[in-house]
Amino acid sequence: MIYFQPLTEFPRMKNTDCPSMKHYNPVTVQELFAIQNVANQVISEAKVFLVIGVGGSFLGARAVIDALTPYFTTKNDVEILYAGNNMSGAYLNQLLTYLDTKEVYVNVISKSGSTMEPALAFRVVKKYMDKRYGKEARKRIIVTTDAEKGILKKIANKEGYRQFVIPSDVGGRYSVFTPVGLLPIAVAGIDIEAFVRGGRQAELDFSSESNSAIDYAWNRYALYKQGYSVELLASFEPRLNKLHEWWKQLFGESEGKEHKGLYPSTVNYSSDLHAIGQFIQDGSRIMFETLIHFDTIEGDMEIPFSVDNIDGLNYLAGRSMNSINSTSKDGVALAHEEGGIPVIRIELPKLDAYHVGYLMMFFMKACVISANLLEVNPYDQPGVEAYKDKMLELLKEDMVKVRA
Ligand code: PA5
């Protein structure tokens with residue numbers, strides 16, 4: 001289901017060679033049903049679904065929604081918007097103005113319930129919803145958080161909001177198969193049953209003794225040991241940009257600790273070939289590239305024939321844009337390999353919910369194996385806590401200054 005072309009010079013590693021992997025149990029059928037029910041109600045009543053969350057609490061949903069939503073429209077007339085992933089006052093202010101003319105539902109997502117960015121955004125949005133909808137705001141705000149702990153949990157209980165649970169043993173960046181990812185994905189009109197089925201199949205396939213997730217992890221590790229310090233994730237379909245962002249966070253937060261780890265970077269081709277392509281081909285030899293490709297992408301089109309052929313492109317007439325894009329990918333891989341950039345290829349048959357689920361589980365499994373090879377804990381993020389502590393210290397200092 002996934003075609004992975006390993007770099008041939010590396011020996012294959014087996015599952016038995018790597019430390020134990022934590023399993024990700026996607027939701028049960030009953031949970032899936034409950035999520036879809038709430039999503040259906042939102043779809044019938046809302047024009048905007050505002051997802052408030054940061055890091056693992058929104059990147060997975062956004063990755064899937066962007067990958068599977070048409071470019072210039074929505075699947076079902078509900079626009080998915082995001083807040084709480086930045087602290088721009090202008091963004092929040094303009095967002096509220098934009099919301100004013102549309103029916104709004106809100107999903108605030110935070111496992112800890114106390115992350116500053118979503119907490120601030122929710123304070124503002126809650127006030128807006130209360131003022132605009134009065135008692136009805138209660139029905140329009142859905143909380144996804146821990147089953148027992150946290151400030152958000154307290155607020156949800158007090159206000160009587162509907163709640164979904166983030167399982168306590170699933171970290172943010174591994175949570176796309178829980179209500180964290182699934183509710184926004186369902187509201188966007190994407191088939192969550194197919195998405196979860198893809199993830200579940202990958203879970204099975206990549207638990208075998210020898211498999212592509214292990215090969216990918218092993219190849220990355222071997223390249224790292226050879227002195228490569230950057231992995232570039234690349235694809236040729238603009239809709240995958242946010243999937244790149246999700247991947248970047250998954251590997252960056254899981255591996256980058258104790259002064260170890262590959263720096264996960266991303267490029268969007270063709271656009272970036274004309275921005276950073278020169279450096280990749282010919283700059284410092286610090287990176288290798290991982291190319292993602294989906295064979296079939298719906299809504300393709302043919303290059304038309306031109307009678308005068310002034311642009312000289314008739315040799316491509318009748319070919320589909322996707323096939324040209326795919327040839328461009330092969331050309332880029334060859335050029336980069338010749339230029340000294342090792343290229344790992346990951347190919348899937350179709351850009352749909354099933355295969356996106358499959359790919360995301362592939363990456364999560366590979367990420368845990370990779371972190372284990374580096375001997376770091378894939379599930380914590382002590383470096384992120386460090387910035388939060390400093391920020392709080394400074395904010396409290398500011399408060400003292402203001403009061404003085
Ligand atoms: O992957 C992670 O664990 C992090 O990116 C968290 O998801 C992010 O920091 C948000 O945390 P929370 O859901 O507690 O607000």
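All ligand and atom numbering here is 1-based and tracks the order in the structure. Starting from 1, each residue takes its place in the sequence as its number. Keep in mind that what you see is a predicted model, and the values were worked out from it rather than measured.
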Among Gly56, Ser175, Gly84, closest by any non-hydrogen atom to atom 7 (O) of ligand 1:
Gly56
Heavy-atom distance to atom 3 (O) of ligand 1: which of Pro118, Gly55, Gly252, Gly172 wins?
Gly172
Measure the CG-CD distance between Leu233 and Glu231 for me, rounded to the nearest 0.5 Å.
6.5 Å
Hey, which atoms in ligand 1 end up nearer than 4.0 Å to a heavy atom of [X]?
{"X": "Arg173", "result": "1 (O), 2 (C), 3 (O)"}
{"X": "Gln249", "result": "1 (O), 2 (C), 4 (C), 5 (O)"}
{"X": "Glu253", "result": "1 (O), 2 (C), 4 (C), 5 (O)"}
{"X": "Gln381", "result": "3 (O)"}

Considering only NZ, NE, NH1 and NH2 on the basic side and carboxylate oxygens on the acidic side, decide whether Glu203 and Arg200 come within less than 4.0 Å.
no
Between Glu337 and Arg345, is there a side-chain N and carboxylate O pair less than 4.0 Å apart?
yes
What protein heavy atom is closest to [atom], reported as residue, atom name and distance in Å?
{"atom": "atom 8 (C) of ligand 1", "result": "Val54 O, 3.6 Å"}
{"atom": "atom 11 (O) of ligand 1", "result": "Thr115 OG1, 3.5 Å"}
{"atom": "atom 9 (O) of ligand 1", "result": "Lys388 NZ, 4.4 Å"}

N/O donor-acceptor pair under 3.5 Å between Gln281 side chain and Ala335 backbone:
yes
Pair Tyr105 and Phe49, ring centroids less than 6.0 Å apart
no
Are Phe288 and Tyr224 close enough that their ring centres sit under 6.0 Å apart?
no
Checking Arg162 against Phe164: charged group under 6.0 Å from the ring centre and within 45 degrees of the axis?
no
